[in-house]
Number of protein chains: 2
Amino acid sequence: MEFTVKPIGHVESALKDLDAAPRQGDEGAPAAWLVFETEVADALSSLRPGDAVLVFTWLHRARRDVLRVHPRGDASRPQEGVFSTRSPHRPNPIGLHRVEVTAVEGRRVQVSGLEAIDGTPILDLKPVLAEDVGLR
Amino acid sequence: MEFTVKPIGHVESALKDLDAAPRQGDEGAPAAWLVFETEVADALSSLRPGDAVLVFTWLHRARRDVLRVHPRGDASRPQEGVFSTRSPHRPNPIGLHRVEVTAVEGRRVQVSGLEAIDGTPILDLKPVLAEDVGLR
């Protein structure tokens, strides 16, 4: 059983390569633009600056055959199963990034602090719920 | 451009149909089991009861051609773009569920409050980070 995902857009960022990218969005990641495909424009219509959103990406440079890793790539730490880490290397390399919308210009959406590199495909965008943050 | 996702397991739940499922996990959803495929067992090895995790599912019953919806299916509310809602109907129907691990029995992992129906394919499992909840 397999399913097909189709990118709804891509990341436009000053981060051009993986070595320069921070490991998490709150570790010095720059602002970036999410550039959406024309055919999903209607799905964007309610997005506003100030919205807290979750960006789902496809980590196209990741390896899919890795099941255990050293946390944060630190060989001095014992290996862990990838489902207990945020390693990009995992069977389905879906990235999750919590950001804030800072501008909306048609199909271009600017967000704060995104650690994904330039050209990363975007799969989905969802609003943050109180439930996600464990507040209810 | 397209990518292929392959389920790493499936949900085993008393929720058998969509009409009975709550809209969010904190709205009366039952405990459920995540049953993983043999080939990803190593990726589970660090999971422990008490872990707060994000379950990524493939909402296999969703429609992918819906771009605008009435929030929570309420026709009295104005339509919104799906990227501003948590509707299952969206171009890439990836579900996100924040749950707590309550038991680990080999490749079977019990979690609290999961609103996904029985048989829902699982795509990924990640630990919750402080960043996701906006605490840093």
Side-chain angles (χ1 to χ4, degrees), chain A residues 1-8 24-27 36-37 39-48 51-54 56 58 60 64 66-68 78-86 90-94 96-98 100 109 113 121 123-136, chain B residues 1-8 24-27 36-37 39-48 51-54 56 58 60 64 66-68 78-86 90-94 96-98 100 109 113 121 123-136:
Chain A
M1 185 168 56
E2 291 185 344
F3 304 105
T4 300
V5 290
K6 186 164 184 255
I8 57 173
Q24 300 298 334
D26 59 347
E27 297 178 2
F36 291 89
E37 302 293 335
E39 55 263 46
V40 301
D42 276 354
L44 288 175
S45 56
S46 308
L47 216 61
R48 301 284 178 271
D51 288 354
V53 297
L54 299 169
F56 293 67
W58 185 257
H60 59 305
R64 305 184 65 171
V66 174
L67 298 177
R68 296 175 62 80
Q79 282 201 330
E80 291 187 354
V82 291
F83 296 154
S84 294
T85 80
R86 294 292 277 258
R90 50 207 313 121
N92 293 305
I94 298 170
L96 180 69
H97 319 267
R98 186 194 196 276
E100 187 179 314
V109 175
L123 300 184
D124 199 7
L125 195 66
K126 298 187 198 291
V128 175
L129 292 188
E131 177 190 335
D132 301 321
V133 307
L135 290 181
R136 292 197 285 195
Chain B
M1 185 169 53
E2 292 185 343
F3 304 105
T4 300
V5 290
K6 187 163 183 256
I8 57 171
Q24 300 298 334
D26 59 349
E27 298 178 2
F36 290 89
E37 302 294 335
E39 55 262 47
V40 301
D42 276 354
L44 288 175
S45 56
S46 308
L47 215 61
R48 301 287 178 267
D51 288 354
V53 297
L54 299 170
F56 293 67
W58 184 257
H60 58 307
R64 304 184 65 171
V66 174
L67 298 177
R68 295 173 63 80
Q79 284 201 329
E80 291 186 355
V82 292
F83 295 155
S84 294
T85 81
R86 294 291 277 257
R90 51 207 312 121
N92 293 305
I94 299 170
L96 180 70
H97 320 267
R98 184 192 197 278
E100 186 178 315
V109 175
L123 300 184
D124 199 7
L125 196 65
K126 299 186 198 288
V128 174
L129 292 188
E131 176 192 335
D132 301 321
V133 308
L135 290 181
R136 291 198 285 197

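Letters A, B, ... are given to chains in the order of the sequence lines, protein chains preceding strands, and every chain is numbered from 1.
Annotation: maximal heavy-atom pairing with chain A below 4.5 Å, among B/Thr4, B/Val53, B/Val40, occurs at B/Thr4. When A/Glu100, A/Gln79, A/Glu80, A/His60 are compared by the number of non-hydrogen pairs under 4.5 Å with chain B, A/Glu80 comes out ahead. Between chain B and the options A/Thr85, A/Leu125, A/Asp51, heavy-atom pairs under 4.5 Å are most frequent for A/Leu125.
Not counting sequence neighbours, the partners of A/Asp124 by the side-chain hydrogen bond (donor to acceptor under 3.5 Å, both in side chains) test are A/Lys126, B/Arg90. With sequence neighbours left out, A/Glu39 forms a salt bridge (charged side-chain N to carboxylate O under 4.0 Å, His left out) with A/Lys6.
Using a 4.5 Å cut-off between heavy atoms, A/Pro121 contacts chain B through its side chain alone, with no backbone atom that close. Interface remark: A/Arg48 contributes no atoms to any contact with chain B (heavy atom separation under 4.5 Å).
Distance CD1/B/Ile94 to CZ/A/Phe3: 11.5 Å, rounded to 0.5 Å. Here the CZ atom belonging to A/Phe36 is positioned 13.5 Å from the CG atom belonging to A/Asp42, to the nearest 0.5 angstrom. Note that OG of B/Ser45 is 10.0 Å distant from CZ of A/Phe83, once rounded to the nearest 0.5 Å.
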